[in-house]
Every structure is written in structure tokens, then in C-alpha cells.
Amino acid sequence: MVHSFESISEPIPISLISGKYMIFDISVVTYLRRTHHICGTLIGSIPQNPQQNIFSGLPMELMPEEAKFLVQKEVAYIVDDLAWHKQRYDTLTGDDKKKYLESLRSAGLKVRKAAQDNSKKRSEIALSRIATKKAKEKSSGEGSSGTLADPPPNTSLDDTGSVAEDSTTDSLFGGESTASRASGTPISSDKPFPVTPTTSYATSSLPQNPSHQPDPSVPLSYSLFAHLHARDYYIMPGLRFGCDYNVYPGDPLRFHSHFLATSFEWDQDIPMLDLIGGGRLGTAVKKGFLIGGEDTEADTEGEWGDNVRTFCIEWGGM
Amino acid sequence: MADADEDAALRSSQPQANEDTDLGDEFQDFRFLAALTAKSGGQLPKRGEKDFEPHGTKHQDGILAASREAMHDVLSYTRVHTSRQYNRAFYYGAEGLHRDDAIREDWRQDLEDDHIVLVESARGPHFKTMGKTTTGKRYPGLWLLPEEALYLVERGNLDLWWPTRSSYTGMVDEEESDKQEKPDNQEEVDEGFPMSFQAAYSMLIGQDGEKGKVSLERYTVYAHLKRMGYAVSRAPDWDLSQPGKSQSHQEELFSESPSIFSWLFGRFFTEQAIEHAVYGPLVKPGMYRSYNSIYRQVAVIPRHKPSPNPSAPAPVADDSYRVAFLLWKPSRLPTFAKSNPGLPDFRVAITDARSTHIPSLTQITSLLESTPWDPPKGKEFEGPGKINQRLKHGWRNVVLAVIDQGVISYLRLGESALGEEKLYERFDGGSNLGPKRGGGAGRGRGRGRGRGRR
């Protein structure tokens, strides 16, 4: 399994659109997740299965904290996506434009070919299935009447699934599901399928950054974020449990969160009721309620978040 | 990627997907999942089935790798328009070729400023609830709002193009000269080029109030609701740069605006003019034959009384909280008409969890008063046993979507009035029905006492 994220070279462009930080390239998403423990939040629809909210798709929205962290580490830099696109699209003429249209054309052709192959394969499979079915019926009619040990006949669902899998391996664009979705009713037989590319620039060909973007402005809780992130925690937005951050011991894909983290200022009075509320909620969902703050007086040598102290509050259950 | 606790709720509240009536389409969805399962060795990046913590085993690492792999595979999909319902559209927003410069005036009649995407040929079920058709032209055009266009692009149902000056005229020629020699000159007409998904986001996402754009918060909520199957449209109060067109106190806007105190309490006193002496007991000594007359004298704490026409508007109309979207349930889609959608089932206001605090009384009042009067009426709200339902439903209600970096929570705000539920009125119910039936009153008394003691 060779994936393109191996070819990712830092720094990575982060799209800044109207004050939000977003990533559109799946390779970058995977790369950040594997290498830097940055998960972001996927906010888009999945075109293959668009009528559900259980799985979300691209783009990935980054918290300002995450964007700032990546910029500080010089893993990423920020691109004003609107300015970039305006400039690019206003000047996209001549050979550049031809090249762009040609690349889309060839992509569309490839998918169309895959679709055709696919439908051919499918009809072959369907034919062979009918044949085996007939043979089976024949044999079962002759011999024992279908014992339980017989493997159940493949449902059409499984079958088509494996076909789609086959076609992925040779289709660069992974368009297998739409390709087959169109089965039978392609637009016309010789035109390439129209393609909407996901990203505007390849991560490898970094877009020239017309103006330097200021560092993302982050809330006061950033030091707590940096502190936890430096200790290899994965961090997600905290709205689900009414805190600043949900803190995971590993990739949230696989692990439950351990802590509900809320940041306080060093000298801030914390209302007792906040502790009770957070502690009760945390205990009820089997997570620790974690509070933390940064000692701003301490000498600020070293990394961000080094002067943070954290406490975990749990219900005693006496 | 949420936790199991939340997922159960998520899944159960998921309305049936009604948008895609195409059966073939749905079948493909399953197929896709099956393909995914086969690919990642049976490991769907399923929510909920998670471990407590990493313990460094190869097995666990393998599952994680498979999950990431599956996610990568699903999301590396490129949108290809293979279906017969291919829709191409052109972007005429402020960032490119501006609509009002590029399109003749009589071809964009009746459009809002934000209709900036022109659909070339609107096919498919989505346009039943989306878009606006121009009038006054032989071949009316269908225009989309930024959130509608972006949602369709994201879904893979719309191919959005960056137009040139000739894009639209080319189209018009096509329409008006009825396919004369169309196939020949097709190569020469410069129709622009397709925009990427990323470009669509960068052009269509903006700040609230920016023309031809939608804020990411509003768009995320819009798309989330659309994916649940609702028909969603902009509410009249959408535009934050305009004063809210509040539904209930429009006429009274210019009447005198008393302080919040008299607004809240004034009505109470005019209604139940019970004079109390400056000193002395609240309940005047005397003979009482009903609880009613006693409780009425004891009620000194003013309570809110909802009214269909608040006699005075909120002191300072703070309408930063506004109804942004109107929602119709998926079950109403078969009879839904864009031109006459009927009363919406829900009204949604949107707020950002990071930049705002809990709304103030003024803000909530403004928000609620911008929604129509909707008292708890009907069979399911009648009778003494339904107090809770009545209070929950409220006399007006609105759904507030709180959004934090793409994570959305929905709250429901209702204008409930505890003052409308006079428990003491029930204590007298059986008093003149003889000693046997007096049980009702007795029970009522018992309850009252119990509460007082606690």
C-alpha cells in the first residue's frame, strides 16, 4: 500500500478561508494525523454516501490552536486561499488553462474507462453467477437438499463490493463507486466524464504565498493545548462534553477520550459549581475532568506549555 | 469520531434519508460500504467500537492502521460526474465575473443579491427544495445561494465552473437559436473551466453579511441539516446587516419602550389588582372557602405571561441572535413546493461556542419574539398531567445550534410560563362535590405541603 502521504514534504499549506483554517488534501490529513497527532474535524459530506452524518468528509477544519501549533513548529504555513484562487483563476489562460483542462479530461477518460470495464466485468460475473446458480440447482435437485454446511450463496451486495475493490487498484481516482453508479447511463459514449478536482494545488508544488499571514490568534487555553499535545495526547474540540478540549490517549479513530480538559488562568477563582458540574459530567461519561492553567510568572524558557499544571478531578463515590 | 455515548442518540434521531429517492443510488451506498469492508479487512472506521487506551500490541496497531487506511481510502475520492443528472453551473459571485455585470438585467429578475450561481440545466431531486427560478424570460434560469451551491458541489451533484464572458451568452445562443450548428463550434466557445472543490469553498465561504457568501458556521449547520434530510431555507432574518424583521412586534416598534421591569411585571399587576397593605400579613384575616382566593393574595412574585402580541418590544432590540434557517421535516418533502413551502417545522438560530456567551435575557427575548406565537395547543397538551409537556413546548420556541470547530449541538429554547400553570386552581376542584369527592383537593394539598417541606 503505497500512499502519497509518504511523499509529503513540509511545510504544508493550510488554507485560510474567512478566518478558518482548513485542509483539503486527504494525504495531508492522513499525514498530520500520523506524524503530528493533529486530527482536526472533518466537516464535509462524503459524496459516495452523502445522506448521513455518521461519517464526515473533507474538508478538515483545524482549530486555531492546531494551526498555530503547526505554524510554530514550521510544519505548515498559512495561505490566503481566496486571494490565491482569485489570482490564479483570473490569470488562468492560454497554455496553463489548456493543461488544466487536459488533465481533467484525461482523468475523466480514465474513470469512464474504469466504468466501462466495470460494467463489463459485472455482466460477466452476473452471467457466471447465473450459470453456477443453475448448476447448483441442478445438483441440489439431484443430491441432498442443501445442507446447512453449504456455504450460503453470495449475496449480490458482497459480490458487487468485490468488483468495486478490484477496480480501485487500477483506477487512480478511486472513482469506482460513481463509475458504477452510472451503470448503463453514461452521458455519452465517447466524452470523458466531467471531474471536479478536490484540491487546487498539489501539496508538492507549494503555492507561492503572496502575503505573509499572521499567526493564528488562539484562546488563552492554548498553553493547555500545547502542554497536552506535547505529551502525545490527541486533542479534539470540547463541545460534546462542554469543556475546552476532549483529550484522547491515542487516535480518536480507535480510542475513547480520557479527559475533559478545561483551562483556567493561573490566579483565576474557579467557582466550586464549575468543579462539581465538570466532575459529575466527567464521572458520568467515565472520563476524568481535567483542569489546567499556565503559570505566566514562571520563566518562559523552553517549549510552549511547559509551565502548565494540571489536575484531574474525579468523583469520590464514598 | 465522537464517543459511543453520543452516537446512540445520533443514530436514533437520524431521520430517514428522503432526499435520494433513486433506489439505485441507495444500493450503491451499501455497496460502497461493502467495498470498504472488504478492503480494510473488515475494519470499518466505525464509531463507538473503541479501546480504552493504547497498549502497544501489534494487533491494536494493525487495527488502527486499518482504520486510518479505510478513512484515507474513502476520503481520497474524486468527484466525477457520471450520472445522466449532470448539472453544470457557473459562479457569478463578487470574486469573479460579477453577476450584475455579466448577466442582462431582465435575465436576473426577482433574484436576491446572494443568488450567485447559475445552474445550466437543473436536473435531479435537489432542485425541488433548492434554488430560485427567474421570471420574465422565456427560458428561466435557476440560481443558487452560496450554501446551496457549495452543498451540491460537496455532494458531487454539481460541477461548478469559473465562467468567461461568453459562457452565458453561449448558453443563451444555444437556447434561442435552437441547436443550429451547435456541435461544430463547441470547441471554440470558451466556456471557462471547472473550479475545484477547494476553490468552491474559498469563493463561497465568507463572513456573515458578506454578499454572495455564507459563513462557515451557517454552512456547516446547513449541510448537517440537509444530510439529515430536512428541507432547509433561509429565514427572513438572515441578513445581519438589516434590522430583524421580527414577526410579532412589528407594528408596536414605535410605541413607547418601557423598562424591562415594567415590561415583565406591568401586565401582571394590571391583571390581578390585589392591593396589599404596607405592613401586615399578606392574606387578610377572614373567612376563606377556597384555596383560590388565598393563593391569589399570596402571589406577590411577578411571573412572565406570554402573549401573542407583546405590548412592548424588548427594551433594546438586540437581535444578534437570529433565526437563520427554516426547516421542514423530511416527511413533508413529497408535497413540498419552493414557492409555497407552508409553515416550517423548526426555526434554527446559530451561534459560535467560542466567540459568544450564553445569550442574555434581552437576546433570548428578541430571538423568541421573532418567532411566531405557538402555544401548546391540541390534545397532547391538555389536562393536568401534561404540565411538563406544556412547559417544555413553550409558547414560542426556537432551536439554537451551537457550533464549536465543526462540532454541532442543538438546543431548544422555549418560552415557558410557569405562571400559566396555576396548581392551586385544582385544589378547589372537588370542594363543592361532597365529602367523598373531596379527595382531589386532599391530594392537591398533600402535594403542596410536600413541596414546601423540601
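First the proteins, then the strands, lettered A, B, ... as listed; each starts at 1. What you see below is based on every heavy atom in this structure, not just the backbone, and it leaves out hydrogens, waters and symmetry mates.
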Query raised in the report: In terms of side-chain geometry, is the basic nitrogen of A:Arg254 or B:Glu53 positioned less than 4.0 Å from the acidic oxygen of its partner?
Result: no
Query raised in the report: With the threshold set at 4.0 Å, does a side-chain nitrogen-carboxylate oxygen contact exist between B:Glu69 and A:Arg33?
Result: no
**Report entry** Polar contact flag, side-chain donor to acceptor under 3.5 angstrom, A:Thr198-B:Gln198
**Finding:** no
Contact origin within [X] toward chain B - heavy atom pairs under 4.5 Å:
X: A:Glu66; value: neither
X: A:Phe24; value: side chain
X: A:Pro237; value: both
X: A:Tyr100; value: side chain
X: A:Met60; value: neither

Would a distance-only check, ignoring hydrogens and angles, find a side-chain to backbone donor-acceptor pair under 3.5 Å from [X] to [Y]?
X: A:Asp81; Y: B:Ser202; answer: no
X: A:Gln48; Y: B:Val74; answer: yes
X: A:Thr41; Y: B:Gln405; answer: yes

Could you check which of [options] has the highest count of heavy-atom pairs closer than 4.5 Å to chain B?
options: A:Thr196, A:Ile17, A:Leu16; value: A:Thr196
options: A:Gly19, A:Gly44, A:Gly57; value: A:Gly44
options: A:His258, A:Met63, A:Lys86, A:Lys20; value: A:His258
options: A:Gly238, A:Pro219, A:Pro59; value: A:Pro59
options: A:Ser15, A:Gly250, A:Ser18, A:Pro249; value: A:Ser18

**Report entry** Check: A:Leu101 and B:Pro194 side chains under 4.5 Å, non-hydrogen atoms
**Finding:** yes
**Report entry** Within-4.5 Å side-chain heavy-atom neighbours: B:Arg79 and A:Val195
**Finding:** no
Just checking [X]: does its [atom1] atom have more than 12 heavy atoms from other residues, nucleotides or ligands closer to it than 6.0 angstrom?
X: A:Tyr89; atom1: OH; result: yes
X: B:His59; atom1: NE2; result: no
X: B:Lys211; atom1: NZ; result: yes
X: B:Leu411; atom1: CG; result: yes

Requested in this report: May I have the step-by-step check of side-chain contact (heavy atoms from CB on, under 4.5 Å) for A:Gln52 and B:Arg227, ending in yes or no?
Outcome: CA-CA 5 Å; A:Gln52 47 88 31; B:Arg227 287 196 290 264; over 6 Å; no
Query raised in the report: Can the ring centres of A:Phe193 and B:Tyr86 be said to be less than 6.0 Å apart?
Result: no
Query raised in the report: For the rings on B:Phe52 and A:Phe255, is their centre-to-centre separation under 6.0 Å?
Result: no
Considering only heavy atoms, which portion of [X] lies under 4.5 Å from any heavy atom of chain A: side chain, backbone, both, or neither?
X: B:Leu150; answer: neither
X: B:Ala353; answer: side chain
X: B:Leu64; answer: both
X: B:Gln60; answer: side chain

Report task. Just do the side-chain contact (heavy atoms from CB on, under 4.5 Å) check on B:Met228 and A:Gln51 with the steps written out, would you? Result -> CA-CA 7 Å; B:Met228 286 200 275; A:Gln51 213 66 61; over 6 Å; no
From [atom1] ([X]) to [atom2] ([Y]), nearest 0.5 Å:
X: B:Met195; Y: A:Ser200; atom1: CE; atom2: OG; answer: 8.5 Å
X: A:Ser45; Y: B:Lys226; atom1: OG; atom2: NZ; answer: 11.0 Å
X: A:Cys243; Y: B:Asp404; atom1: SG; atom2: CG; answer: 9.0 Å
X: A:Leu82; Y: B:Tyr201; atom1: CG; atom2: OH; answer: 15.0 Å
X: B:Tyr77; Y: A:Leu58; atom1: OH; atom2: CG; answer: 13.0 Å
X: A:Thr30; Y: B:Leu75; atom1: OG1; atom2: CG; answer: 7.5 Å

Query - Shortest non-hydrogen contact from A:Pro47 toward B:Gly156 - result: CB-N, 4.4 Å
Query - Closest non-hydrogen atom pair, B:Ser196 against A:His85 - result: OG-NE2, 4.1 Å
Report task. Just do the side-chain contact (heavy atoms from CB on, under 4.5 Å) check on B:Met71 and A:Leu42 with the steps written out, would you? Result -> CA-CA 11 Å; B:Met71 184 178 132; A:Leu42 291 167; 4.0 Å; yes
Query raised in the report: Among B:Val402, B:Asp159, B:Ile403, who wins on heavy-atom pairs under 4.5 Å with chain A?
Result: B:Asp159
Query raised in the report: Which of the residues B:Met203, B:Lys213, B:Arg354, B:Glu210 is involved in the greatest number of heavy-atom pairs with chain A at under 4.5 angstrom?
Result: B:Arg354
